[in-house]
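Here's the structure we're looking at; comments come further down.
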Amino acid sequence: MGFMQQLRQRWTDADTLVCVGLDPEPAKFPAHLQGDPDAVFAFCRAIVDATADLACAFKPQIAHFAALGAEDALQRLIAHIHDAHPGVPVILDAKRGDIGSTAGHYAREAFDRYGADAVTVNPYMGRDSAEPFLARADRGVVVLCRTSNPGAGELQDLEVDGIPLYQQVAARVATQWNANGNCLLVVGATWPRQLAEVRAIVGDMPFLVPGVGAQGGDAADVVRHAATADGTGLLVSSSRAILYASQGEDFAEAARAAATGLRDLINRHRPR
Ligand SMILES: O=c1ccn([C@@H]2O[C@H](COP(=O)(O)O)[C@@H](O)[C@H]2O)c(=O)[nH]1
């Protein structure tokens with residue numbers, strides 16, 4: 001089953017729009033894991049197992065593993081998700097983008113080495129830089145559109161022919177890059193107005209929405225501004241607020257409680 005079909009099935013079967021972000025930071029791990037040489041894997045696996053039934057997807061952020069030399073832990077973690085929680089897709093947050101020949105290696109890294117079901121890509125080198133990802137019709141390509149960070153507007157709001165660049169990206173992805181129906185967009189929870197504007201441009205294309213929790217975005221606002229008419233269309237992603245809800249031995253239970261709270265808050269505001 002391709003990524004889009006898997007995602008839609010997950011939205012329906014598990015009744016959740018929560019995407020659990022996996023951003024390991026060993027300094028925030030509970031004390032009992034601090035001396036464990038495989039702590040990154042052990043921590044993330046515990047979070048995954050505690051939240052899988054609440055998640056429409058998992059989103060490991062590659063820099064959090066690579067900076068620690070923990071690529072092997074990332075590979076094993078994604079394999080664990082596929083084995084233990086089949087049906088929950090994995091989005092590798094890598095924000096790739098390069099000339100075509102190099103982009104081909106990035107696509108193989110994400111999809112073949114790590115076994116990700118989808119990957120985030122940066123569109124600013126143009127369509128040829130995204131083509132090796134777009135060509136993998138069974139995998140998702142999650143294109144940065146209006147990112148959640150405070151400085152997002154510095155370049156993304158610059159007008160081209162009187163239209164902000166992020167809207168140009170949205171329109172282009174929807175009309176030109178999505179021939180295989182495998183594109184999604186990243187739009188930050190911190191920008192409710194822009195969420196609604198992009199939704200109006202791209203119809204029902206799914207949005208990966210980071211920025212709730214630690215970055216202060218309002219999940220209810222996200223749903224009000226960007227859910228599709230059937231009450232889906234969103235992967236509302238939260239990392240730190242779930243992962244580090246407790247730094248004690250109860251970290252996995254606390255993560256589950258945080259993910260449950262986010263799911264329920266979102267579901268209360270979804271059109272049904
Ligand atoms: O616009 C973007 C794109 C990606 N991210 C990533 O999402 C998580 C957010 O973490 P929180 O702890 O929930 O704030 C992180 O991996 C970012 O690299 C984003 O925040 N904004």
Side-chain angles (χ1 to χ4, degrees), residues 17-29 40 43-44 47-48 51 54-68 70 73-74 77-78 89-97 110 114 116 118-124 140-157 164-167 169-170 173 183-195 197-198 206-219 221-222 225-226 234-247 251 254-255 258-259 261-263 265-266:
L17 307 185
V18 172
C19 172
V20 175
L22 299 167
D23 294 9
E25 292 183 41
K28 296 183 180 170
F29 289 175
V40 169
F43 176 82
C44 292
I47 296 286
V48 161
T51 60
L54 305 166
C56 70
F58 286 108
K59 184 185 78 66
Q61 213 296 331
I62 196 167
H64 283 79
F65 294 84
L68 300 167
L74 174 58
L77 181 65
I78 294 176
V90 176
I91 300 168
L92 185 64
D93 191 357
K95 303 183 183 68
R96 296 307 194 200
Y114 288 115
V119 65
T120 56
V121 304
N122 187 325
Y124 291 105
V141 185
V142 190
V143 182
L144 299 183
C145 178
R146 187 53 159 76
T147 54
S148 66
N149 55 306
E154 180 181 358
L155 299 176
Q156 295 163 28
D157 285 1
L165 186 55
Y166 72 91
Q167 294 187 18
V169 168
V173 170
C183 290
L184 302 83
L185 293 170
V186 173
V187 188
T190 43
W191 309 112
R193 175 175 60 81
Q194 290 84 348
L195 274 161
E197 289 168 358
V198 177
F207 293 174
L208 174 66
V209 185
V212 300
Q215 295 179 54
D218 180 335
D221 255 7
V222 170
H225 286 80
L234 300 170
L235 302 94
V236 182
S237 186
S238 178
S239 304
R240 287 166 290 180
I242 292 175
L243 299 177
Y244 309 112
S246 161
Q247 288 183 244
F251 73 99
L262 179 58
R263 180 202 60 182
L265 172 65
I266 291 168

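Just so it is clear, the structure is predicted and the values come from calculations on it, not from any experiment. Each ligand, and each atom within it, is numbered from 1 in the order the structure gives.
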Tell me, which protein residue and heavy-atom name are nearest [atom], and how many Å apart are they?
{"atom": "atom 13 (O) of ligand 1", "result": "Ser239 N, 2.9 Å"}
{"atom": "atom 20 (O) of ligand 1", "result": "Gln215 NE2, 2.8 Å"}
{"atom": "atom 15 (C) of ligand 1", "result": "Asp23 OD2, 3.2 Å"}
{"atom": "atom 12 (O) of ligand 1", "result": "Arg240 NE, 2.6 Å"}
{"atom": "atom 1 (O) of ligand 1", "result": "Ser148 N, 2.8 Å"}

Which of these, [options], has its nearest heavy atom closest to [atom]?
{"atom": "atom 6 (C) of ligand 1", "options": "Val20, Val142, Thr147, Asp93", "result": "Asp93"}
{"atom": "atom 3 (C) of ligand 1", "options": "His64, Arg146, Gln61, Lys95", "result": "Lys95"}
{"atom": "atom 8 (C) of ligand 1", "options": "Glu25, Gln156, Lys59", "result": "Lys59"}

Heavy-atom pair with the smallest gap, counting every atom of Cys19 and Lys59: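 Result for this residue pair: SG-CB, 3.6 Å.
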Does [X] reach the side chain of [Y], with side-chain heavy atoms less than 4.5 Å apart?
{"X": "Ile78", "Y": "Phe58", "result": "no"}
{"X": "Val143", "Y": "Val169", "result": "yes"}
{"X": "Leu184", "Y": "Leu235", "result": "yes"}
{"X": "Asp218", "Y": "Pro192", "result": "no"}
{"X": "Leu74", "Y": "Leu22", "result": "no"}

Per-atom contacts, ligand 1 versus Pro210 - under 4.0 Å to a heavy atom: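 It comes down to these atoms of ligand 1: 1 (O), 2 (C), 3 (C), 4 (C), 5 (N), 7 (O), 19 (C), 20 (O), 21 (N).
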Distance filter under 4.0 Å to Ser238 heavy atoms, resulting ligand 1 atoms: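 In order of number, 13 (O).
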Distance-only side-chain donor-acceptor flag, Thr190 / Gln215, under 3.5 Å: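 No donor-acceptor contact under 3.5 Å links the two side chains.
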